[in-house]
Novice: 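Take this structure first; my questions come after.
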Amino acid sequence: MKPEEARQVCEAQYLGVEMEGVTSNLNPNVVGVGLGKKRTHGLLTEDVAVKVYVKEKLHPLLVKDGEVIPDEIEGVPTDIEQAGEFSIWRPIPPIYHRKVRPAMGGLSIGHYEITAGTLGCLVKRGQDVCILSNNHVLANENRGVEGDPILQPGRFDGGKEDKDVIARLDAFVKVEAEETNTVDAALALPFDARDVSPDILNIGRVRGTRAVGLEEKVMKSGRTTRVTNGVVQDVSATLRVGYATGSYLFSDQMIVRGDKGSFSAGGDSGALIMDFQGNAVGLLFAGSPFFTVANKIDNVQSALSVKVL
Amino acid sequence: MPHALHAVCMASVEEVKKRHEARLMKTPGVVGVGIGRSGGKPVIRVYVDKDTPKVRKAVPDALEDVPVEIVVSGPFKAL
């Protein structure tokens, strides 16, 4: 018998595909039948075999009598491979885009009128624990008003005003067109302190804050590109940054170049940049096709009178 | 000692950058000015939108003896 014919017999027998002269004996463990090179003791051989894909490959003694798959079908060898269960690749959103409570640094967040940005970290202002991110993430580029709803996840990631409001816009540093800015930062006050955690997703706790030096290695956890590593290539940059509402001048910024590919992309705004010891060093807010720009964490802390938690 | 020397070095580069920054930022095609290190020495970095002969001509090779490095960054945008 040709391998192709043997395959059709198996298909009919185990999977119930109709074929004249074959009565099917559905095998619940078989999830697929195909043709391929036979693998013996883990090594591929030159023989073509009928591949029988099973949910679980069992020891022959454990297989029920009626469900044993023969070693060969009229001269064509069979090869049983464990495949698990086949399923369509449902687009399960990554955790970064999902609703998570307690919410933590790295996750999608945003003012109800924007798309989505990243929750940076928690900060303490007096007795209050607040969420830190960018003005353009939490305050919609100066257009937000105190008390505006903040969604986690952000609207672009399915956040809704009736069930995903985690906090209210509390304070922000205005970005000014006529002046030189040093930070793009804002605070949101959570409704319930138990809805937020001081962790940074896939990184851990923040140890403290410090100023980084040139050529130091840094990392961040952000909504779009998740955890990435980079190198600080400038710690006193002055630059012009384009926003939806215009372009603004920023001074005393740090510039990071990605280790492999981009350090960040749209949606990563607001992410905390950390050194390899776990200290917060910057607040990510902008980028060019090759670089990422961040406010220095000390400037952020003093502009908002907060301490990183 | 080399540490202190280095600090002095960076501080003066910072001053040189400050003196020329406003003018550089007005040069068409320049999107940023900063300080970096190249071959262990501090340099003034001028970030440009696109690499064009025009911008190369407009940006000097050095400012008060501090070498200038042109970096093609593309435009900076809020993310």
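Note that this is a predicted model, so its numbers are computed, not measured. Just so we're on the same page: letters track the sequence lines, and every chain starts at 1.
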Novice: List the atom of Ser73(B), the atom of Pro289(A), and the distance in Å for their closest heavy-atom pair.
Specialist: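 Minimum heavy-atom separation between Ser73(B) and Pro289(A): O-CD, 3.3 Å.
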Novice: Picking from Val235(A), Asp184(A), Leu284(A), Ile255(A), which has the most non-hydrogen pairs under 4.5 angstrom with chain B?
Specialist: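 Sorted descending by pairs with chain B, the first entry is Ile255(A).
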Novice: Return the minimal non-hydrogen interatomic distance between Glu215(A) and Arg37(B), and the atom names on each side.
Specialist: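 Shortest heavy-atom separation between Glu215(A) and Arg37(B) comes out as OE2-O, 4.0 Å.
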Novice: Under 4.5 Å heavy-atom distance to chain B, tell me which part of Val293(A) shows up: side chain, backbone, both or neither.
Specialist: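 Only the side chain of Val293(A) comes within 4.5 Å of chain B.
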Novice: Only pairs of heavy atoms separated by less than 4.5 Å count here; which of Leu214(A), Thr224(A), Thr115(A), Val137(A) has the most with chain B?
Specialist: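 Looking at each of Leu214(A), Thr224(A), Thr115(A), Val137(A) in turn, Leu214(A) comes out on top.
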Novice: Within the supplied structure, the quantity of interest is the number of heavy atoms (other residues, nucleotides, ligands) at a distance under 6.0 Å from Tyr243(A) OH; does it exceed 12?
Specialist: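 Result for OH/Tyr243(A): enclosed.
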Novice: Looking at Val72(B) and Phe290(A), what are the two nearest heavy atoms and their distance?
Specialist: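 The answer is O-CD1, 3.5 Å.
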Novice: Mind checking the OG1-CZ spacing from Thr292(A) to Phe76(B)? Nearest 0.5 Å is all I need.
Specialist: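 It is 9.0 Å, given to the nearest 0.5 Å.
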Novice: Write down the atom of Lys77(B), the atom of Val241(A), and the distance for their closest heavy-atom approach.
Specialist: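 It is C-CG1, 3.8 Å.
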Novice: Just give me the residue among Gly287(A), Gly242(A), Gly266(A), Ala237(A) that pairs up with chain B most often, heavy atom to heavy atom, under 4.5 Å.
Specialist: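 The candidate making the most pairs under 4.5 Å is Gly287(A).
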Novice: Measuring only between side-chain heavy atoms, which start at C-beta, is Lys17(B) closer than 4.5 Å to Thr238(A)?
Specialist: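 In contact.
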Novice: Which one of Gln233(A), Arg257(A), Glu141(A) has the most heavy-atom pairs closer than 4.5 Å to chain B?
Specialist: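 Between Gln233(A), Arg257(A), Glu141(A), the count favours Gln233(A).
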Novice: Side chain, backbone, both or neither: which part of Ala265(A) has a heavy atom under 4.5 Å from chain B?
Specialist: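 Interface part for Ala265(A): backbone (N, CA, C, O).
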Novice: Checking the side chain of Asp234(A) only, and the main-chain atoms of Ile35(B) only, is there a donor and an acceptor separated by less than 3.5 Å?
Specialist: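 Here the side-chain-to-backbone pair exists.
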Novice: Please determine whether side-chain contact (heavy atoms from CB on, under 4.5 Å) holds for the pair Leu79(B) and Ser264(A), giving the CA-CA distance in whole Å, both sets of side-chain angles, and the decisive distance to 0.1 Å.
Specialist: CA-CA 8 Å; Leu79(B) 292 176; Ser264(A) 67; 3.2 Å; yes
Novice: Which region of Val30(B), side chain (C-beta onward) or backbone (N, CA, C, O), has a non-hydrogen atom less than 4.5 Å from a non-hydrogen atom of chain A, or is it both or neither?
Specialist: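 Val30(B) has no heavy atom closer than 4.5 Å to chain A.
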